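Chain identifiers are assigned alphabetically (A, B, ...) following the order of the sequence lines, protein sequences preceding nucleic acid strands; residue numbering begins at 1 within each chain. The model shown is predicted, which means the values in this text are computed figures rather than measured ones.
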Number of protein chains: 2
Amino acid sequence: MWSNHINYYLSMRTHELVLSWIEKQLSDGHLVLGGRLPAERALAEQLEVSRTSVREAIRILEAMGLVRAGVGSGKDAGTVVIAEPATALGSALRLHVATQHLPVADIVETRVLLESWAVSRAKADAPELEEAARLLDEMDASPAVDDFLALDVAFHLALAEAAGNTVVSTIMGSLREAIEGYAAALTANLPDWDSTAHRLRSEHRAILDAVNDGDGGRAATLVAAHIEGYYREAGLGKAPVETRP
Amino acid sequence: MWSNHINYYLSMRTHELVLSWIEKQLSDGHLVLGGRLPAERALAEQLEVSRTSVREAIRILEAMGLVRAGVGSGKDAGTVVIAEPATALGSALRLHVATQHLPVADIVETRVLLESWAVSRAKADAPELEEAARLLDEMDASPAVDDFLALDVAFHLALAEAAGNTVVSTIMGSLREAIEGYAAALTANLPDWDSTAHRLRSEHRAILDAVNDGDGGRAATLVAAHIEGYYREAGLGKAPVETRP
DNA sequence: TGTGCTTGTGTGGTTAGACCACACTCTAGG
DNA sequence: CCTAGAGTGTGGTCTAACCACACAAGCACA
């Protein structure tokens, strides 16, 4: 653990020292969202470590969606503190899926769980629902598969955000991202995209209607069936040979 | 040189090149769990990049819980492919909590959601439940606070694993880790640790009994009350001063 | 024969210094 | 006033060296 003071001067690697320093700056509020880290060379000198070690620490923070490194000078330059946990978690999950340690079916199941909960908790007056409705209108006008899928992602994310739990919507987004490659490939398995798209559109409307009606239970049932139905149709069931008679 | 052209046209940084190469090796099965990456110097030569860039890529993989770097020679040496997504996700979540982008209350709420689902899905004959029972016995014999908390973590994780969804139990573990520091600090807020510990013990037994009885609904209710009760007692409610009359 | 020390080799960990590409800022010349 | 060029500060990359570590092989000695 980076914040472990016992290892502080014992077996801690240099870049971990830098990490713990930065984490402390964050916790103490000396580094805030949108703020800039000291320049790599300055930070290296200040912490009396090499620039290499500073860079390794920054790479880790970047991988975790905590900072963004920009070259040049001016507003987009330097290393800036951001907050994009979803992309970071998504990358990590995707890599673990690649090692086959995390089954895709489990990810889908988790997504169903989180999204069902989210729509059942969404308040009917949440501003995200208006955005969701707008996205559905846009989907009606977008026949292209790619556009449809991009809007679909945005719609489901808007639904998740309507529940007001940042962690849930973040994890939702990262799960989605982790299997995005799979989902895109699965689309090719569909027997008839046009009819599938038509069905998905009406299911989206039904889900949104249920949320707007304040009927969380119905919304949860519909969204679960919506997601599971899609993956089943595309040939990715949850353990199709499961011994559950 | 050669890599500069690639960088220019693909706008990909060198260490990302290394990352994508490694991810491909994982996807293609050329790198498996427990396997070893080529040595840093060899990999650098093979990919025609500097060792620096290889190291930055490895740092990222390490931060994601995908590899472990070990010095020396022999069995624990070299960079080995592992699968520890929980620690990686936990670190990322903890850092984002530090930036106050992810509220602790949301994390607790998510944990309740996942763990409720897990116990409601756990099969009564899951082998993890025997481990959970053993942990409870051990807790009865461990008066020290630290031991109790460590066993508590293991118990809840065992429960989550009994549901058979790796993603859910992994996220559960990472959520727990992200707020571990908070939880430990909160213990100090408790008015009377001994009575709290006694209550937690009996609640644990009740939860495990419900799971063993195959009563998932009761188990879910109990575990939700168990977790929420603890954090409430320790003074961490869900938005206690929320301006929502 | 066996034991213990020394040396060799391969691994990641760390450092210093140099150069590049980039984006903005300043300044001198028109 | 405007513009082209020099200046400055940023991250990105590379090279070359050294260190600490852990094991393996071989040698020296009892």
Whole angstrom is fine here: how far is it from CD in A/E45 over to P in C/dG17? 12 Å
Counting only N and O atoms by type, is there a donor-acceptor contact under 3.5 Å from the side chain of B/N165 to the main-chain atoms of B/V167? yes
Round to the nearest Å and state the distance from A/E56 atom CD to C/dA16 atom P. 14 Å
Heavy atoms under 4.0 Å, any strand shown: does B/A39 hit a base, just sugar-phosphate, or nothing? sugar-phosphate
Taking the inter-plane angle between the rings of A/H204 and A/H156 on a 0 to 90° scale, is it parallel (under 30°), tilted (30 to 60°) or perpendicular (over 60°)? perpendicular
The side chain of A/R51 is closest to which nucleotide in this list: C/dT11, D/dC14, C/dA18? C/dA18
So that I can tick it off, tell me whether B/R13 and A/E62 are bridged by a salt bridge, with the cut-off set at under 4.0 angstrom between side-chain N and carboxylate O. yes
Is A/E16 paired with B/R59 through a side-chain N to carboxylate O contact shorter than 4.0 Å? no
Between C1' on D/dT13 and CZ on A/R55, what's the gap in Å once rounded to a whole number? 8 Å
Atom-pair distance (NE2 on A/H15; C1' on C/dT14), nearest Å: 12 Å
May I have the distance from A/E40 (atom CD) to D/dG11 (atom C1'), rounded to whole angstrom? 5 Å
note: A/R36, atom CZ; D/dG11, atom P; distance rounded to Å ~ 8 Å
What is the distance from CD of A/E48 to P of C/dA16, rounded to the nearest Å? 10 Å
side-chain N/O B/S73 vs C/dG10 OP1/OP2, d < 4.0 Å: no
Quick one: is A/T52 getting a side-chain N or O under 4.0 Å of the C/dG13 phosphate, OP1 or OP2? no
Nucleotide C/dA16, atom C1' - distance to CZ of A/R41 in whole Å: 13 Å
Does B/T14 make a side-chain N or O approach to OP1 or OP2 of D/dT13 shorter than 4.0 Å? yes
Residue pair B/V71/A/V71 against DNA chain D: nearer the 5' end by closest nucleotide is A/V71
Comparing nearest nucleotides in DNA chain C, the 5'-proximal residue of the pair A/G74, A/S50 is A/S50
B/S53 vs D/dC14: side-chain N/O to OP1/OP2 distance below 4.0 Å: yes
C/dG12 phosphate, OP1 or OP2, under 4.0 Å from B/R68 side-chain N/O: no
Salt-bridge contact B/R134-B/E131 (side-chain N to carboxylate O under 4.0 Å): yes
From the set D/dG11, C/dG12, D/dT15, return the single nucleotide nearest to any side-chain atom of A/A69. D/dG11
